[in-house]
Amino acid sequence: MTLRLSNAELNRLAAERAWTFEARYGRLGAEAALRLAIRDLFPGRIALVSSFGAESAVLLDMVARIDPATPVIFLDTGKHFGETLHYRDTLATRLGLTDLRRVTPAPIDLAHEDADGLLFARDPDRCCALRKTLPLKDALSGFEAWITGRKAFQAATRAGLPLFESDGPRIKINPLRHWRPAWLAEHFARHDLPSHPLEAEGYRSIGCYSCTARSAPEADPRSGRWPGLAKTECGIHREARPSESRSLGIQ
Ligand code: SF4
């Protein structure tokens, strides 16, 4: 007899596993944590989600050194800077990544709710749901865990990040949670990694062109995202609400 667990039970089990992993491995450094996660804890069942933004090359480089066949999910919202798309392809080739997955919004969602492409101005939370949260939820089905590049220094809202946390029924891993800007710069230099071309123009956190501005050197790097709005996150770092899952039929 096959035992079917409810979503609430799956979420509770993931939370317990994350807590256990955090207690056991929470003090590991970035590369050791990645090796553990990719090779031992979730072999073949883990993906890296990357925006190919200003600092993304560090985590991509580490993952490529451990296993270049690790799936790398890129949420192609249709609103990225051309420079980001070019950087993505350059970096993937340079690092030898062999499983880059470009994930796009559902055409039916865009046709119904964002036919003019201006939903970001009317309802940015809904735009992020259609262009990021729901496509990611679909892309992560089949994976037990995913890796993010979030760092505590990026914004006050990211202080206190753990190494392991649960995200619905999955485990989410934040290997760079304690990294400082100087460490990232040192990794770029030591491994001769190319910078995102927009960094030289003052962009320090790079997302969709319609919601990204330059940020002052003394400000939170993410202050250039959704400038003028209280919004600070796109929503992929929380579970999609049931109401957001209507069009894709995700339960
Ligand atoms: S960052 Fe802006 S354009 Fe991109 S998905 Fe979110 S609201 Fe839409």
Side-chain angles (χ1 to χ4, degrees), residues 47-57 59-60 72-89 91 100-141 146 148-151 154-158 167-168 172 174 196-199 201-216 219-250:
L48 166 63
V49 177
S50 179
S51 66
F52 286 82
E55 297 151 352
S56 299
L59 199 50
L60 288 161
V72 176
I73 295 172
F74 173 73
L75 295 172
D76 195 341
T77 62
K79 300 273 185 193
H80 281 293
F81 290 96
E83 288 89 341
T84 298
L85 304 181
H86 186 257
Y87 184 60
R88 173 199 64 191
D89 295 341
L91 207 48
L100 175 61
R101 303 183 185 191
R102 176 178 161 266
V103 175
T104 56
I108 190 171
D109 282 351
L110 298 185
H112 282 159
E113 298 191 48
D114 196 11
D116 63 0
L118 297 175
L119 183 60
F120 70 89
R122 291 189 296 273
D123 185 349
D125 285 342
R126 186 64 189 159
C127 183
C128 280
L130 298 191
R131 294 180 182 273
K132 294 183 175 181
T133 314
L134 292 172
L136 178 63
K137 192 176 175 78
D138 208 27
L140 285 176
S141 66
W146 56 296
T148 91
R150 289 182 301 163
K151 301 154 207 83
Q154 289 172 314
T157 50
R158 294 187 173 185
D167 180 25
K172 190 156 64 176
N174 307 303
H196 192 297
L198 291 178
E199 242 193 308
E201 297 183 26
Y203 292 89
R204 297 166 60 221
S205 177
I206 302 163
C208 296
Y209 59 76
S210 38
C211 304
T212 301
R214 296 172 175 85
S215 57
D220 271 356
R222 286 182 65 83
S223 63
R225 307 289 288 277
W226 303 284
L229 300 179
K231 184 175 170 64
T232 57
E233 297 282 354
C234 61
I236 67 172
H237 295 296
R238 63 165 172 74
E239 274 285 79
R241 296 187 299 270
S243 61
E244 293 173 339
S245 306
R246 172 182 50 75
S247 53
L248 289 181
I250 297 168

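Read the numbers this way: they start at 1 and go in the same order the structure lists the ligands and their atoms. Here the structure is a predicted model, which means the values were calculated and not measured.
Residue contact check: C208 has heavy atoms under 4.0 Å from atoms 1 (S), 3 (S), 4 (Fe) of ligand 1. Near C211, with a cut-off below 4.0 Å to any heavy atom, the atoms of ligand 1 are 1 (S), 2 (Fe), 3 (S), 7 (S). Applying the 4.0 Å criterion to heavy atoms of R131 picks out, from ligand 1, the atoms 5 (S). Near C128, the atoms of ligand 1 lying under 4.0 angstrom from a non-hydrogen atom of the residue are 1 (S), 5 (S), 6 (Fe), 7 (S).
Ion pairing of D116 with R122 is present here, as a side-chain N (NZ or NE/NH1/NH2) and a carboxylate O approach within less than 4.0 Å.
Residue contact check for ligand 1: S210 places a non-hydrogen atom closer than 4.0 Å to it.
With sequence neighbours left out, the ring-ring contact (aromatic ring centres under 6.0 Å, His included) criterion links F81 to Y203. For S51, the side chain to side chain contact (heavy atoms under 4.5 Å, CB included) partners two or more places apart in sequence, or in a different chain, are S56.
At a cut-off of 2.8 Å, C127 is not counted among the residues with an N, O or S atom near atom 2 (Fe) of ligand 1.
Shown are F74, F52, Y209, Y87; of these, the ring-ring contact (aromatic ring centres under 6.0 Å, His included) with H80 is made only by F74.
There is a side-chain donor-acceptor pair under 3.5 Å between N174 and T148.
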